[in-house]
Amino acid sequence: MTLEQLRIFVAVAEREHIRRAAEHVHLSQSAVSHAVVQLEQEFGLRFFDRIGRRIELTDTGRAFLDEARATLGRADAARERLLDLGGLRRGVLHVHASHTIASYWLPARLNGFHALHPDIQLGITIANTAEVSRKLRSGEASLGLVEGDLPAPDLTSEVVARDQLVLVVAPDHPWADMPPRAEDLYRSAWVLREQGSGTRLEFENDLKRLGVDPAKLKVMMEVASNEAMASAVETGRAATVLSASVVAGRIEAGLLRQVPLALPERQFRMIRHPERSLSPTEAAFVAMLRAGGPQPDGAAKGKR
């Protein structure tokens with residue numbers, strides 16, 4: 001039994017006339033008659049009585065008509081749902097992002113996307129770079145945004161923006177008045193992000209470029225929150241490295257002091273599994289990021 005057979009049956013049942021039903025469904029009378037006979041033969045039932053030149057619904061035909069209409073209604077609703085998804089009239093956009101991106105960079109982009117597609121439901125899951133990568137591999141996530149170089153050759157990535165890491169200390173820390181040399185970095189206590197975070201990985205790579213062994217730093221605390229890191233440094237005698245966007249307000253308020261240290265720009269990357277396709281909603285968001293907007297004033301500029 002096919003949807004086409006159901007449509008023909010309903011057209012004949014509502015008109016009780018083969019020619020008029022054929023005109024309605026844009027088929028020949030013989031094709032309509034054949035479809036009805038085939039449906040009756042398939043189930044061993046009679047849906048119509050042939051009375052002279054007329055046809056009438058049987059009791060079986062009347063009972064089946066309600067089911068046929070309901071099935072066609074559900075099929076039409078499913079078709080409309082697919083059209084909604086393809087046309088971005090409905091749907092869900094869920095992005096898995098690392099902490100700095102999710103807290104400081106991504107919200108403005110999601111607001112911009114919402115302005116373009118107000119009926120799309122938005123969601124963010126926040127995790128470190130390693131966890132976002134794991135979810136992409138397992139199929140739990142389709143689209144990820146992470147910081148720094150991605151140590152995951154099985155995932156595809158592209159740069160969508162750039163960011164700057166900065167070294168910060170409390171105002172009474174010795175480095176607030178005397179910037180450290182590379183060898184001085186071993187002397188301070190440190191508050192750092194947990195292993196697996198993009199910020200931690202990027203900082204350790206930067207230290208190696210400066211000739212500093214990250215394993216020899218005096219790490220007094222590992223924290224899975226940028227805000228908690230900044231607060232811990234602000235109220236103690238440790239140093240940390242965070243995104244400039246995270247600590248800008250604290251530096252301006254005099255709660256933290258930025259220390260000169262040659263740290264290169266880092267990259268914000270969009271990552272995906274190469275063998276999994278994007279939904280129409282995800283594809284539209286990716287296209288917006290690739291185009292570099294919408295962006296707030298002063299934000300990191302995306303790379304086309």
Side-chain angles (χ1 to χ4, degrees), residues 84-85 88-150 152 155-165 193-202 223-231 242-249 266-273 276-303:
D84 284 345
L85 292 173
L88 302 183
R89 296 187 301 226
R90 295 182 191 173
V92 175
L93 173 65
H94 198 104
V95 182
H96 289 67
S98 53
H99 289 259
T100 302
I101 290 177
S103 299
Y104 296 94
W105 185 83
L106 183 56
R109 278 76 192 168
L110 290 178
N111 282 333
F113 188 78
H114 177 72
L116 297 173
H117 308 289
D119 295 323
I120 301 298
Q121 182 180 345
L122 305 177
I124 306 175
T125 293
I126 304 175
N128 65 33
T129 296
E131 181 64 8
V132 172
S133 300
R134 185 197 66 76
K135 289 186 175 184
L136 287 169
R137 292 190 191 94
S138 68
E140 297 173 64
S142 300
L143 186 63
L145 290 164
V146 298
E147 305 135 28
D149 295 330
L150 183 69
L155 300 175
T156 62
S157 74
E158 57 184 287
V159 178
V160 292
R162 298 186 183 277
D163 182 44
Q164 181 65 56
L165 288 178
R193 284 289 306 277
E194 78 286 4
Q195 294 288 347
S197 79
T199 297
R200 176 74 173 262
L201 178 63
E202 191 71 14
V223 186
S225 162
N226 292 326
E227 293 295 330
M229 287 173 64
S231 295
L242 285 167
S243 167
S245 59
V246 174
V247 295
R266 65 172 176 170
Q267 299 166 337
F268 286 173
R269 291 180 174 272
M270 176 176 62
I271 60 174
R272 294 177 46 206
H273 193 289
R276 293 191 174 95
S277 59
L278 295 174
S279 70
T281 299
E282 291 165 341
F285 184 65
V286 166
M288 190 192 79
L289 292 184
R290 285 173 176 163
Q295 298 222 22
D297 293 340
K301 298 300 180 183
K303 179 181 177 181

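Heads up: numbering here begins at 1 and tracks the sequence.
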Distance col, row K135:NZ vs I271:CD1, nearest 0.5 angstrom, shows 12.0 Å
How many angstroms lie between atom CD of E194 and atom CG of N128, to the nearest 0.5 angstrom? 4.5 Å
Can a donor-acceptor pair be found, under 3.5 Å and without considering hydrogens, that links the side chain of E147 to the backbone of T100? yes
For the student: nearest non-hydrogen atoms of F113 and T281, plus distance: CZ-O, 3.8 Å
Over all atoms of both residues, closest heavy-atom pair of A97 and L106: CB-CD2, 3.9 Å
Shortest non-hydrogen contact from A230 toward V247: CB-CG1, 4.5 Å
Min side-chain heavy-atom separation S133-L155 under 4.5 Å: yes
May I ask you to check whether T129 and R200 show a side-chain donor-acceptor distance below 3.5 Å? no
Contact summary for A284 and H117, nearest pair of heavy atoms: CB-NE2, 4.5 Å
Nearest 0.5 Å, please: how far is CD1 in I124 from CD1 in I101? 11.0 Å
Ignoring hydrogens, what is the shortest heavy-atom contact between V132 and G144? Give both atom names and the distance. CG1-CA, 3.9 Å
May I ask you to decide if E282's main-chain N or O and S279's side chain share a donor-acceptor pair within less than 3.5 Å? yes
How long is the gap from CD on E131 to CD on E140, to the nearest 0.5 Å? 7.0 Å
So, does R272 use its side chain to make a donor-acceptor pair with the main chain of L136 at under 3.5 Å? no
Indicate whether the side chain of T199 and that of S197 have a donor and an acceptor atom separated by less than 3.5 Å. no
Any non-hydrogen side-chain atom of D163 less than 4.5 Å from a side-chain atom of W105? no
Verify the distance criterion only: is there a donor paired with an acceptor across the side chains of H99 and S225 at less than 3.5 Å? no
State the CG-CZ distance between L122 and F285, to the nearest 0.5 angstrom. 8.5 Å
Rounded to the nearest 0.5 angstrom, the OG-CZ distance for S98 and R269 is 12.5 Å
Are any non-hydrogen side-chain atoms of N226 and R193 less than 4.5 angstrom apart? yes
Which pair of heavy atoms, one from H96 and one from A141, lies closest together, and at what distance? ND1-CB, 3.4 Å
